[in-house]
Participant: 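Quick one: the structure is below, questions incoming.
Every chain is numbered from 1 and lettered A, B, ... according to where its sequence line falls, protein lines coming before strand lines.
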Amino acid sequence: MNITLPDGSVHQYDEGISALDIAQSISPRLKKATLAAELDGERIDAFAPIHGDHQLKLLTFADENGRWAYRHTASHLLAQAVKHLYPAAKLAIGPAIENGFYYDFDTTVPFTQDDLSAIEKEIEKISAADLPLERFELPRIEAIEYMRKLDEPYKVELINDLPEDAVISFYRQGDFVDLCAGPHVPSTGKIKNVKLMSIAGAYWRGSEKNKMLQRIYGTAFEKRAELDEYIARIEEAKKRDHNKLGRELELFTTVDVIGQGLPILLPKGARVIQLLQRFVEDEEQRRGYMLTKTPFMAKRELYKISGHWDHYRDGMFIMGDPDDEQAEVFALRPMTCPFQFMAYLNRSRSYRDLPLRYNETSTLFRNESSGEMHGLIRVRQFTISEGHLACRPDQVENEFKGCLDLAKFMITTLGFENDVTYQFSKWDENNTDKYIGSKENWESTQNTMRNILNDIGVDFVEVDGEAAFYGPKLDIQIKNVHGKEDTLITIQIDFQLAERFGMVYTDSDGEKKYPVVIHRTSIGCYERTLALLIEKYAGALPTWLAPVQVKVLPLTDRTADASDKIRLELEKYGVRAECDPRNEKIGFKIREAQMQKIPYMLVIGDKEIENGVVAVRSRKDGDLGTMPLDAFIKDLVAEIAAKSHD
RNA sequence: GCCAAUGUAGCUCAGUUGGUAGAGCAGCGCAUUCGUAAUGCGCAGGUCUGGGGUUCGAGUCCCCACAUUGGCUCCA
């Protein structure tokens, strides 16, 4: 048989030999490194016999799919170890994931941290035993019978749900067998440096209606050093956690009697958000937006029109008895759309009025589930750079592009351009109850959006079931220090709510028509944006956003008055400056300013006064030497105006 | 909402098998007037998250609530 390798070279081999044998023929070292293989692009076991002519790629730990096989096998070692230590545990599923793997178990008693150490030891034993993995297939009936005998009800359910024509394969390693599509590495001895990271509850098949299982997360690396580095990186990332830094830097706090998801923005945090809001509102004004200020609450009738009463009631804070049809029931707003629609409805609109762009720095209230709250990233009251555009169908494309351009401008200004991903969030056609409107309507709107995205050349992924109830979204996603992804910015196309609200415009032909509505944010939610800025810059916010930009540090009491004058001079130029006149050593004052991540410190001693200069220290580069105050101010003002970040 | 962990001074933490709370930093006072990441001494500071219970006695044990954290589900 002829095997073509990725470099294009063709080699002849005997029928039925495996990818491992082929690797061996190239070098013993390659055989050792080979974890799995791709045969004509299909992932296979490296130990599987090959017949006929094919393209072959050997997968090592350097390949994403190689790592996948490695960690998937590690999850089988985990399952085997758990079965050894807790024979009554039932197996659910155990896939490889980004940076690791997990396995779900049904156990009578939850795992503890101590259990994890014991399981890790057992995994090491299984690795040391170097058990070969073998694959075998069974017909459906026998496969079910086999798993019944092993008393694995979750596996039986999985097999039952496999498609008619599915190949049902199993992998055996020693005394352990698991239902699995593979591929796997040749033997358990390959799997080293396994670290069990955490225990979590997880619903069977991801549905809260099902039983909650015990999930063990782990990771595995080929080399010890890689594992150590990965763990060190996680520890390093945790130090950037906004929830820790944001509290230490006195940007925000929480109070238990106020309640979950209701953070207090302290003066420094409020200052940063104020700066962001001014920046956003000014930029939006420049781009033709008109600012509205609409109420924080409305009667339920408004939400009945919008559909929120039917589709989002659980997420709203409602004042009054929602079941009493006679009563006047109010609800805090969970979004701004219907309010800005009322602004549109203020008078009749002509096609000449469109596009109409409304923006609002809008505070919203959402009754998120109690387990969802997370620092400033997921809260129950937040303020968002909201906006709604009403446009004619022929304007949708341009307006959408304008929204994306604004979003990208914000992302770039904040320095997030390499941290975001674009997600095209579509409806779930198998669960239409969650949405309003017809299938045709959804299909055509989604096609419109997809065409625009393709036309712009955005690199996006499509995800089903993530749309708003009224239309598809472009979500700009970002990950926090724990790797959890959230939406930073969203742009949505809505062909439905205008009709519900009776929003029309008179077209050039005299006909009344419904405008297309674009729902969008430009910088997203301010609290969340602040959180991500803290994490991105480890608390050292870019100078233009720093709550305090310059700390003036008199060396002795003799220079305290002069230092305060310098502070006043800085403030004349709009610089946020503070003076630290305390009778402390200069090293101590510097240490404090440094820990507060203040961009610049000016050390003022007798020498500086005498020479008419300031001694500049930057939080990043340390002592910068002396310069005239006006020169420092000039550079600083330029840096702030440029909104530079590094 | 579900599975778990955690909750002691403003912050970071210690507190043995239940016997009535301790350190460092921060704060305040005094001394020191100092040259680029912590000057010294002293003082003050706690209903041990809240509420029940067990006990002669609870920060320690049990129950409930609240909050914080990691996941799951959810996320207009």
Participant: Need one value for Asp606(A): base, sugar-phosphate or nothing, where a base atom within 4.0 Å counts as base even if backbone is also close, heavy atoms only.
Facilitator: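 Base contact.
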
Participant: Looking only at N and O atoms, is any donor in the side chain of Arg558(A) or the base of C34(B) less than 3.5 Å from an acceptor on the other one?
Facilitator: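 By the distance-only test, no, there is no pair.
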
Participant: What integer distance in Å separates Glu250(A):CD from A26(B):C1'?
Facilitator: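 Interatomic distance, CD of Glu250(A) to C1' of A26(B): 10 Å.
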
Participant: Contact class for Arg582(A) vs. all strands (heavy atom < 4.0 Å): base, sugar-phosphate, or nothing?
Facilitator: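 Sugar-phosphate contact only.
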
Participant: Is there a donor and acceptor pair, one atom on the side chain of Arg378(A) and one on the base of C75(B), closer than 3.5 Å?
Facilitator: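 By the distance-only test, yes, there is a pair.
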
Participant: With heavy atoms under 4.0 Å as the rule, sort Pro334(A) into base, sugar-phosphate or nothing.
Facilitator: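 Counting heavy atoms under 4.0 Å across all strands, the contact made by Pro334(A) includes a base.
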
Participant: Would you measure the distance from the P atom in G70(B) across to the matching atom in U17(B) and give it in whole Å?
Facilitator: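 Nearest-Å result for G70(B) against U17(B) at atom P: 31 Å.
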
Participant: Check whether any side-chain nitrogen or oxygen of Tyr217(A) sits under 4.0 Å from OP1 or OP2 of C72(B), and answer yes or no.
Facilitator: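 Indeed, a polar side-chain atom of Tyr217(A) lies that close.
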
Participant: Heavy atoms only, 4.0 Å cut-off, all strands: where does Arg366(A) land among base, sugar-phosphate and nothing?
Facilitator: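 Since a base atom lies under 4.0 Å of Arg366(A), the category is base.
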
Participant: For Ile609(A) and G35(B), what is the distance between atoms CD1 and P respectively, to the nearest whole Å?
Facilitator: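 Distance check: Ile609(A) CD1 to G35(B) P gives 16 Å.
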
Participant: May I ask you to say what Glu592(A) touches in the nucleic acid, namely base, sugar-phosphate or nothing, with a heavy-atom cut-off under 4.0 Å?
Facilitator: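 The answer is nothing, as Glu592(A) stays clear of every strand by at least 4.0 Å.
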
Participant: Between G19(B) and A5(B), how far apart are the P atoms? Round to whole Å, please.
Facilitator: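 Here A5(B) and G19(B) have their P atoms 24 Å from each other.
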
Participant: Identify the nucleotide, in any strand shown, that forms a Watson-Crick or G-U wobble pair with A9(B), with both distances under 3.5 Å; if there is none, say none.
Facilitator: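 Its partner is none (no Watson-Crick or G-U wobble pair with both distances under 3.5 Å).
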
Participant: What integer distance in Å separates Leu266(A):CG from G10(B):C1'?
Facilitator: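 The answer, rounded to whole Å, is 12 Å.
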
Participant: Pick base, sugar-phosphate or nothing for His482(A), based on heavy-atom distances below 4.0 Å to the nucleic acid.
Facilitator: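 His482(A): backbone/sugar contact only, no base atoms under 4.0 Å.
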
Participant: Which of the following nucleotides, U69(B), G35(B), G1(B), is nearest to the side chain of Ser369(A)?
Facilitator: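 Minimum distance to the Ser369(A) side chain belongs to G1(B).
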
Participant: Base, sugar-phosphate alone, or nothing: which one does Glu248(A) contact when heavy atoms must sit under 4.0 Å apart?
Facilitator: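 Nothing, no nucleic acid heavy atom in range.
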
Participant: Is the ring pair His311(A)/Phe469(A) parallel, tilted or perpendicular, if the boundaries are 30 and 60 degrees?
Facilitator: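 It falls in the parallel class, under 30°.
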
Participant: Can you tell me which nucleotide in G35(B), U39(B), G1(B) comes closest to the side chain of Tyr203(A)?
Facilitator: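 Closest nucleotide to the Tyr203(A) side chain: G1(B).
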
Participant: Nearest to the side chain of Arg247(A), heavy atoms from C-beta on, is which of U68(B), U36(B), G35(B)?
Facilitator: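 When the side chain of Arg247(A) is considered, U68(B) is the closest of U68(B), U36(B), G35(B).
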
Participant: Rounded to the Å, how far apart are Lys607(A) NZ and G35(B) C1'?
Facilitator: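 It is 6 Å, rounded to the nearest whole Å.
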
Participant: Looking at Lys551(A) and Glu592(A), is any side-chain nitrogen of the basic one under 4.0 Å from a carboxylate oxygen of the acidic one?
Facilitator: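 Not counted as a salt bridge, because no side-chain N and carboxylate O are separated by less than 4.0 Å.
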
Participant: What is the separation between atom NE2 on His308(A) and atom C1' on C75(B), rounded to the nearest whole Å?
Facilitator: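 Taking atom C1' of C75(B) as the reference, NE2 of His308(A) is at 12 Å.
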
Participant: Heavy atoms only, 4.0 Å cut-off, all strands: where does Gly371(A) land among base, sugar-phosphate and nothing?
Facilitator: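 Base: the residue Gly371(A), judged by heavy atoms under 4.0 Å, touches a nucleobase.
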
Participant: Can you tell me which nucleotide in G1(B), C2(B), U68(B) comes closest to the side chain of Asn243(A)?
Facilitator: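 Looking only at side-chain atoms, Asn243(A) lies closest to U68(B).
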
Participant: Round to the nearest Å and state the distance from Asp433(A) atom CG to C74(B) atom P.
Facilitator: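 Computing the Asp433(A):CG to C74(B):P distance gives 15 Å.
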
Participant: Describe the nucleic acid contact of His374(A) in one word from base, sugar-phosphate, nothing, applying a heavy-atom distance below 4.0 Å.
Facilitator: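 Touches sugar-phosphate only.
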
Participant: Where the side chain of Gln260(A) is defined as all heavy atoms beyond and including C-beta, which of U73(B), U68(B), U39(B) is the nearest nucleotide?
Facilitator: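 The answer is U68(B), which lies nearest to the side chain.
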
Participant: Is there a donor on the side chain of Gln594(A) or the base of U36(B) sitting less than 3.5 Å from an acceptor on the other?
Facilitator: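 Flag unset: no donor-acceptor pair detected.
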
Participant: Between G70(B), U73(B), C75(B), spot the one nearest the side chain of Lys434(A), thanks.
Facilitator: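 For Lys434(A), the side-chain atoms sit closest to C75(B).
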
Participant: Which nucleotide, U33(B), G71(B), C75(B), lies nearest any side-chain atom of Met212(A)?
Facilitator: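 Nearest to the side-chain atoms of Met212(A), counting from C-beta on, is G71(B).
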
Participant: Taking atom CZ of Arg205(A) as the centre, does the number of heavy atoms from other residues, nucleotides or ligands within less than 6.0 Å exceed 12?
Facilitator: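 Result for CZ/Arg205(A): enclosed.
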
Participant: Can you name the one residue among Asp115(A), Thr107(A), Thr108(A) that meets side-chain hydrogen bond (donor to acceptor under 3.5 Å, both in side chains) with Tyr86(A)?
Facilitator: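 Going through the options one by one, the only one that passes is Asp115(A).
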
Participant: Can a donor-acceptor pair under 3.5 Å be found between the side-chain atoms of Glu372(A) and the base atoms of C2(B)?
Facilitator: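 Check fails, no donor-acceptor contact within cut-off.
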
Participant: Taking N and O atoms by type only, does the side chain of Asp557(A) place a donor or acceptor under 3.5 Å from a partner on the base of U33(B)?
Facilitator: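 It does, because a donor-acceptor pair links the side chain of Asp557(A) to the base of U33(B) below 3.5 Å.
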
Participant: Describe, in one word, how the ring planes of Tyr435(A) and Trp427(A) are oriented to each other, choosing from parallel (under 30°), tilted (30 to 60°) and perpendicular (over 60°).
Facilitator: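 Taking Trp427(A) first and then Tyr435(A), their aromatic rings stand perpendicular (interplane angle over 60°).
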
Participant: Looking just at side-chain N and O atoms, do Thr559(A) and Glu608(A) make a donor-acceptor pair shorter than 3.5 Å?
Facilitator: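 Side chains of Thr559(A) and Glu608(A): no pair found under 3.5 Å.
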
Participant: Whom does U39(B) pair with, Watson-Crick or G-U wobble, provided both distances fall under 3.5 Å?
Facilitator: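 A31(B) - that is the nucleotide pairing with U39(B), both distances being under 3.5 Å.
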
Participant: How close or far is atom C1' of A26(B) from atom CZ of Phe588(A), stated in whole angstroms?
Facilitator: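 In whole Å, A26(B) C1' lies 8 Å from Phe588(A) CZ.
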
Participant: Closer to the 5' end of RNA chain B via nearest nucleotide, is it Lys473(A) or Gly375(A)?
Facilitator: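 Its nucleotide being nearer the 5' end, the pick is Gly375(A).
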
Participant: Let's see if you can work this out: which of G35(B), U36(B), G71(B) has an atom nearest to the side-chain heavy atoms of Ile590(A)?
Facilitator: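 So the side chain of Ile590(A) is nearest to U36(B).
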
Participant: When you compare U49(B) with A44(B), how far apart are their P atoms, in angstrom units rounded to a whole number?
Facilitator: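 The answer is 24 Å between these two P atoms.
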
Participant: Under 3.5 Å, is there an N or O donor on one side and an acceptor on the other linking the side chain of Glu608(A) and the base of G35(B)?
Facilitator: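 Pair found.
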
Participant: When we call it a touch if two heavy atoms are under 4.0 Å apart, what does Leu555(A) touch: a base, just sugar-phosphate, or nothing?
Facilitator: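 The residue Leu555(A) makes base contact.
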
Participant: Just the rounded figure in Å: distance from P of G35(B) to CD of Glu584(A).
Facilitator: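 Taking CD of Glu584(A) and P of G35(B), I get 14 Å after rounding.
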
Participant: Establish, for the pair Arg215(A) and Tyr102(A), whether the NZ or CZ atom is under 6.0 angstrom from the six-membered ring centre and no further than 45 degrees off its axis.
Facilitator: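 Yes - Arg215(A) lies over the ring of Tyr102(A), closer than 6.0 Å to its centre and within 45° of its axis.
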
Participant: Would you mind pulling out the nucleotide paired to A44(B), Watson-Crick or G-U wobble, both distances under 3.5 Å?
Facilitator: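 Per the H-bond distance test, none.
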
Participant: Could you give the distance separating G29(B) and C63(B) at their P atoms, to the nearest angstrom?
Facilitator: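 Rounded to whole Å, the distance is 47 Å.
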
Participant: When you compare A4(B) with G22(B), how far apart are their C1' atoms, in angstrom units rounded to a whole number?
Facilitator: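 Each nucleotide's C1' atom is 31 Å from the other's.
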
Participant: If the C1' atom of A21(B) is compared with that of A14(B), how far apart are they to the nearest Å?
Facilitator: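 Each nucleotide's C1' atom is 11 Å from the other's.
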
Participant: Identify which nucleotide among U36(B), C75(B), G71(B) has an atom closest to any side-chain atom of Ala200(A), counting heavy atoms from C-beta outward.
Facilitator: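 Of the options given, the side chain of Ala200(A) lies nearest G71(B).
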
Participant: Might you work through the ring pair (Phe, Tyr, Trp, His ring centres under 6.0 Å) test for His519(A) and Tyr470(A), ending with a clear yes or no?
Facilitator: CA-CA 10 Å; His519(A) 306 238; Tyr470(A) 47 72; 4.4 Å; yes

Participant: Quiz question: by atom type and distance under 3.5 Å, do the side chains of Thr336(A) and Glu386(A) form a donor-acceptor pair?
Facilitator: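 Checked: Thr336(A)/Glu386(A) side chains pair up, N/O donor to acceptor below 3.5 Å.
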
Participant: If you assign Arg528(A) and Ala202(A) each to the RNA chain B nucleotide with the nearest heavy atom, which residue ends up on the more 5' nucleotide?
Facilitator: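 Nearer the 5' end of the strand: Ala202(A).
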
Participant: May I ask which nucleotide in the shown strands pairs with U16(B), Watson-Crick or G-U wobble, both distances under 3.5 Å?
Facilitator: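 None - no nucleotide pairs with U16(B), as no candidate has both distances under 3.5 Å.
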
Participant: Over all strands shown, is Ala593(A) touching base, sugar-phosphate only, or nothing at heavy-atom distances under 4.0 angstrom?
Facilitator: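 If one applies the 4.0 Å heavy-atom cut-off, Ala593(A) turns out to touch nothing in the nucleic acid.
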
Participant: Distance check, P atoms only: C2(B) and G52(B), in whole angstrom units.
Facilitator: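 Between the two P atoms, the distance is 25 Å.
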
Participant: So, Glu372(A) and Arg366(A), do they make that salt bridge, N to O below 4.0 Å?
Facilitator: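 The answer is no: the pair does not qualify as a salt bridge.
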
Participant: Report which part of the nucleic acid Ser198(A) touches: base, sugar-phosphate, or nothing (heavy-atom distance under 4.0 Å, all strands).
Facilitator: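 It contacts nothing in the nucleic acid.
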
Participant: Is there a side-chain polar atom (N or O) of Thr254(A) under 4.0 Å from OP1 or OP2 of A67(B)?
Facilitator: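 No, because none of the side-chain N or O atoms of Thr254(A) sits under 4.0 Å from OP1 or OP2 of A67(B).
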
